[in-house]
Undergrad: 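Sharing a structure below in structure tokens format, with a few things to ask.
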Amino acid sequence: MSTPALRGTLDFSSPKGPIRPGDRSLDGLNVHDSAIKLSIAGGVTTSLVLPGSSNAIGQAFVIKHRDTSERSPTSKVVELPYEMTGLEYDITLPPRWRYMKHAVGENPSAGYKQTRLDTIWQLREAYSKAKAKKDEQDAYCAAAKKGMWGDIPDEIPKSLEWEALIDVLRGKSKVNIHCYTATDFDALIRLSNEFKFPIAAFHHAHQAFFLTDLLKKSYGPQPAIALFAIAGRYKMEAYRGSEHAPKILAGKGFKVAMKTDHPVIDSRHLIHEAAQAHYYGLHPALALSSVTRIPAEVAGLDHRLGHIREKFDADLVIWDSHPLALGATPRQVYIDGIPQIKDPHPLNKPQTYQAIPRTPNFNDEAKKAIEYEGLVPLEPASSVNEEETIVFTNVKSLWKKKDQTSEVIDVLNDSSATGVVLVRRGKVGWAGSELASVDVVNAISGKTKVVDLEGGSIAPGLTSFGSPLGLEEIEAEPATNDGAIDPTEHDFVIKAKDGISLGGRHLLLAYRSGVTSAITAPVSSSYIGGLSTCFRTGSMSVLEDGAMIQDVVAVHATVGRISVYNEALDKGTKTSISTQIGMLRSLLLGRQKTELGEWYRRVAMGELPLVINVAKADYMAALINLKQEIESHTLTKMRMVFGVATEAHLIADKIAEAGIGVVLLPPRPSRMVWDMRRMLPGPPLSQDTQVTKLLRAGVLVGIGILETVFARNTRFDLAWTAMDANGSLSESETMALASSNIDKMLGVEHSGSDLVGDLVVYHGGGIFDLSSKVVGVISERRAMVDLF
């Protein structure tokens, strides 16, 4: 599936049926896919290109990303199998492998309206037919060997349809299987033993980490496991996934490869998958190997790839920092010794980023992941109310609101010492040096709990914006979600607050990662949306005190086409762009005498903001004109915010002049759809990023996400954004991108006399450090401290 996503290049699965052993990913490979160049800029030189997972069987190929003089898909293949070259077999050389993709579970079931039972039977039937043809070939060869030429036909029996599966049975193909659950692992392992073929790797494999004894029963060598770092819960079979899986599986002796499954995760950020696996406990050598040596071994290409050795392919990446450091970026990439990035824009990283990142200890969490088979309880271990004072010691920094502004400052700004922070009733009562704190602690009456942060930090809670967080638990399971709305079908307005469900895993994982509030709008199947709400991610019920921060935040709409899957599959809105903007004009001018029209009248009068998800600069320009038109009619400043805003950098000055805020969704762009094709890639392909260019123009900028699973990564997204800004953003300015900037442009008000909403407690480092993890949340509004 190439990008930008278009119907004319949609070739990832065949609609002709689940069993397609003759279908080859090479036959649909688009050499002009914009993701290829972007992947190189992320240090990715080679990819195993698998066909889509609606088909239960299909062939894959390993390609290199560099251009070739022939400019063809075939010329990118690392090693074509002998059957495609016309070459004679040479047993003195390493094998030229075929690659086979199998898929089981929800994808084939959904693609062909069948069940797991059907898919496994279809696989068994296919292998039975391939084996029958193989047996005919073996009998032919046995007769020929005995000189019985009169008893056999002139040519060996062949089958174009089954030849690839026959090669699996002959041990000439590397089988990669899309598989998630115990049910599917068990079925595939039985299949491998029934037909006696080894499995090279299980992909996705969200339940593999607690099924290691089962996996070892696979026929032949132990399969490798190809994983995401944190992506999960997007469908039922991914619900039990754990961020600790790479560490657990490696500890059980399995080869672990990190993957992106592009475009599920942008392939440009493969190294970030390895970095996250390392953060959650995978040994640094194995984390690096998970995207270098191990994939080469699993693909049977470790005689030329995966190592820096004499006579190996000169596929090299020169990194600006340790590859596992957050935001590590190539200075240059070489494929076959040829530099790939013309006029690179290198970043100047701190010296501390050149070493292996120090990471927290997650051993206890990994044990619990196995014990609970992925569904570890996520509620706070304890909550401290007004009866107890908490003393946080060895605190390196305490970020606190400056006067009545939105700026935060470090009140413990002493790089040579740590301090002590006292918290009572959810409020910081005192903060100062270790020595001065002795008398203060001695003067405390009542219960006292001491928590050593070992150089940790206390910082404002972050805000997640842009995803259906709180409305969606398992994206592919309608029973777990609020559902999609279409306000054009109703006379009333839809409010997200009415559909919020608290206590879900996405929410609690975000809360335990420093994201204490979320702004969520209803999911809309139309270009007209509903009203967003702001709430606490750690609350368990909307009736809980302090759960709802602001019932109504903004009115939401979409202009253009921003969904990669909708646009490629032609499932997006059929309404023209001019009609979409025309309807907004009609609503804002008060021509629609409905409840929705009344809310748009309030927007036109500046009473609340209008958030428009829009990616293309041309459509943003039209919306700027619309804003000016409405303001000239009402003589009132209208509040408008652009979400997504992939091409906003092209008209940054005009956006600033119009007083429009921008929330970049996500903060690192791609060319997923046509509306995003003029994205600003950032280093090493461009000096500027979207954030730096917009900020320099004077635009109020925030960052957010489109998918709920990534809310928990917000602090790392901020740190990465700061690194890409090459020193132009202070820590305070970086925090503001996912907190006060969003609050300011949307008019969200957090309670508390001098603090910015909840405060998050980090152990072992600061908010942006890979050495730290969240151990608590201080909530003044609830007069409570949650400890994890």
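The shown structure was predicted, so the numbers you read here are calculated from the model rather than taken from an experiment.
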Undergrad: Return the minimal non-hydrogen interatomic distance between Val408 and Met735, and the atom names on each side.
TA: CG2-SD, 4.4 Å

Undergrad: Asn363 versus Lys247: any side-chain heavy-atom pair under 4.5 Å?
TA: yes

Undergrad: Less than 4.0 Å between a side-chain N and a carboxylate O, is that true for Arg668 and Asp266?
TA: no

Undergrad: Taking Glu237 first and then Arg116, would you say they form a salt bridge - that is, a charged N and a carboxylate O separated by under 4.0 Å?
TA: yes

Undergrad: Can you check whether Thr714 reaches Ser513 side chain to side chain, under 4.5 Å on heavy atoms?
TA: no

Undergrad: Can you confirm whether Val264 sits close enough to Phe228 that some side-chain heavy atom of one is under 4.5 Å from a side-chain heavy atom of the other?
TA: yes

Undergrad: Would Arg240 and Tyr372 count as having a side-chain donor-acceptor pair, cut-off 3.5 Å?
TA: no

Undergrad: I'd like to know whether the aromatic ring centres of Phe202 and His204 sit less than 6.0 Å apart in this structure.
TA: no

Undergrad: Ion pair present between Asp186 and Arg190, side-chain N to carboxylate O less than 4.0 angstrom?
TA: yes

Undergrad: Check whether the ring centres of His763 and Phe788 lie less than 6.0 Å apart, and answer yes or no.
TA: no

Undergrad: Can you name the closest pair of heavy atoms from Ile225 and Ala205 and give their distance?
TA: CG2-CB, 3.6 Å

Undergrad: Rounded to the nearest 0.5 Å, how far does CG of Leu462 lie from OG1 of Thr537?
TA: 10.0 Å

Undergrad: Could you grab the distance from atom CZ of Phe535 to atom CG of Leu502, nearest 0.5 Å is fine?
TA: 6.0 Å

Undergrad: Going through the distances and angles, do Leu286 and Val256 end up as a side chain to side chain contact (heavy atoms under 4.5 Å, CB included)?
TA: CA-CA 8 Å; Leu286 292 177; Val256 173; over 6 Å; no

Undergrad: Under the side chain to side chain contact (heavy atoms under 4.5 Å, CB included) rule, what do Gln276 and Glu243 come out as? Steps first, then yes or no, please.
TA: CA-CA 8 Å; Gln276 290 177 97; Glu243 61 272 28; over 6 Å; no

Undergrad: For Lys235, does the NZ atom have more than 12 heavy-atom neighbours from other residues, nucleotides or ligands under 6.0 Å away?
TA: yes

Undergrad: Enter the distance from Ser192:OG to His102:NE2 here, rounded to the nearest 0.5 Å.
TA: 10.0 Å

Undergrad: Rounded to the nearest 0.5 Å, what separates atom CG in Leu469 from atom OG1 in Thr520?
TA: 5.0 Å

Undergrad: Would you tell me whether Tyr511 and Asp786 have side-chain atoms, one donor and one acceptor, within less than 3.5 Å of each other?
TA: yes

Undergrad: Any non-hydrogen side-chain atom of Ile549 less than 4.5 Å from a side-chain atom of Val748?
TA: yes

Undergrad: Donor-acceptor check, side chain of Ser53 to backbone of Ala103, threshold 3.5 angstrom: yes or no?
TA: no

Undergrad: Where do Glu373 and Phe209 come nearest, in terms of heavy atoms and distance?
TA: C-CZ, 4.3 Å

Undergrad: Hydrogens and angles aside, do Ser383 and Arg782 bring a side-chain donor and acceptor to less than 3.5 Å of each other?
TA: no

Undergrad: Test your reading of the model: is there a side-chain donor-acceptor pair from Gln222 to the backbone of Gly253, 3.5 Å cut-off?
TA: yes

Undergrad: Would you call His203 and Leu50 a side-chain contact if the rule is heavy atoms closer than 4.5 Å?
TA: yes

Undergrad: Does any part of the side chain of Leu326, heavy atoms only, come nearer than 4.5 Å to the side chain of Phe716, both counted from C-beta?
TA: yes

Undergrad: Among Thr418, Thr393, Val421, Val775, which residue satisfies the side chain to side chain contact (heavy atoms under 4.5 Å, CB included) criterion with Leu453?
TA: Val775

Undergrad: Does the side chain of Ser517 come under 3.5 Å of the side chain of Thr463 through a donor N or O and an acceptor N or O?
TA: yes

Undergrad: Just checking, is any N or O donor in the side chain of Lys255 or Ser289 under 3.5 Å from an acceptor N or O on the other one?
TA: no

Undergrad: Flag the pair Asp717 / Ile705 as yes when at least one side-chain heavy-atom distance between them is below 4.5 Å, and no otherwise.
TA: yes

Undergrad: Just by modelled atom types, is the Leu718 backbone N or O under 3.5 Å from a matching donor or acceptor in the Thr734 side chain?
TA: no

Undergrad: Please confirm whether the backbone N or O of Gly456 pairs with a side-chain atom of Asn394, one donor and one acceptor, at under 3.5 Å?
TA: no

Undergrad: Classify the side-chain pair Asn361/Lys773 by whether it contains a donor and acceptor separated by less than 3.5 Å.
TA: no

Undergrad: After noting the C-alpha distance and the side-chain angles of His278 and Ile356, does the key distance pass the side chain to side chain contact (heavy atoms under 4.5 Å, CB included) rule?
TA: CA-CA 10 Å; His278 173 234; Ile356 297 173; 4.0 Å; yes

Undergrad: Okay, side chain of Arg781, backbone of Asp545: is any donor-acceptor separation there less than 3.5 Å?
TA: no

Undergrad: Could you tell me whether Phe362 and Tyr279 have their ring centroids closer than 6.0 angstrom?
TA: yes

Undergrad: Is any side-chain heavy atom of Thr533 closer than 4.5 Å to a side-chain heavy atom of Met548?
TA: yes

Undergrad: Answer yes when Lys367 and Glu371 have at least one side-chain N-carboxylate O distance shorter than 4.0 Å, and no when they do not.
TA: no

Undergrad: Asp482 side chain to Glu472 main-chain N or O, any donor-acceptor pair under 3.5 Å?
TA: no

Undergrad: Considering all heavy atoms of both residues, which atom of Thr448 and which atom of Glu388 are nearest to each other, and what is their separation?
TA: C-OE2, 3.9 Å

Undergrad: Is the number of heavy atoms from other residues, nucleotides or ligands under 6.0 Å of Lys216 NZ greater than 12?
TA: yes

Undergrad: Let me confirm one number: the NZ-CG distance from Lys252 to Leu211, rounded to the nearest 0.5 Å.
TA: 11.5 Å

Undergrad: Taking Leu324 as the fixed residue, which of Thr359, Leu770, Leu288 is the one that meets the side chain to side chain contact (heavy atoms under 4.5 Å, CB included) rule?
TA: Leu288

Undergrad: Rounded at 0.5 Å granularity, tell me how far CD1 in Ile265 sits from OG in Ser670.
TA: 12.5 Å

Undergrad: Counting distance only, does the side-chain N/O of His206 pair as donor-acceptor with the main-chain N or O of Ala231 below 3.5 Å?
TA: yes

Undergrad: Assess whether side chain to side chain contact (heavy atoms under 4.5 Å, CB included) is satisfied between Arg715 and Ser772, documenting all intermediate values.
TA: CA-CA 11 Å; Arg715 71 182 179 110; Ser772 70; 2.9 Å; yes

Undergrad: Between Leu422 and Val420, which heavy-atom pair has the shortest distance, and what is it?
TA: CD1-CG1, 3.4 Å

Undergrad: Looking at Gly327, is its backbone amide N or carbonyl O close enough to the side chain of Thr329 to form a donor-acceptor pair, meaning the two atoms are under 3.5 Å apart?
TA: yes

Undergrad: Here's a test for you: under side chain to side chain donor-acceptor pair (under 3.5 Å), which of Glu473, Arg233, Arg505 qualifies with Tyr239?
TA: Glu473

Undergrad: Would you confirm whether Glu273, through its side chain, and Ala229, through its main-chain N or O, come within 3.5 Å as a donor-acceptor pair?
TA: yes

Undergrad: If every non-hydrogen atom of Ser218 is compared with every non-hydrogen atom of Pro223, which pair is closest and at what distance?
TA: CB-CD, 4.0 Å

Undergrad: Taking Gln207 for its side chain and Ala182 for its backbone only, find out whether a donor-acceptor pair lies under 3.5 Å.
TA: yes

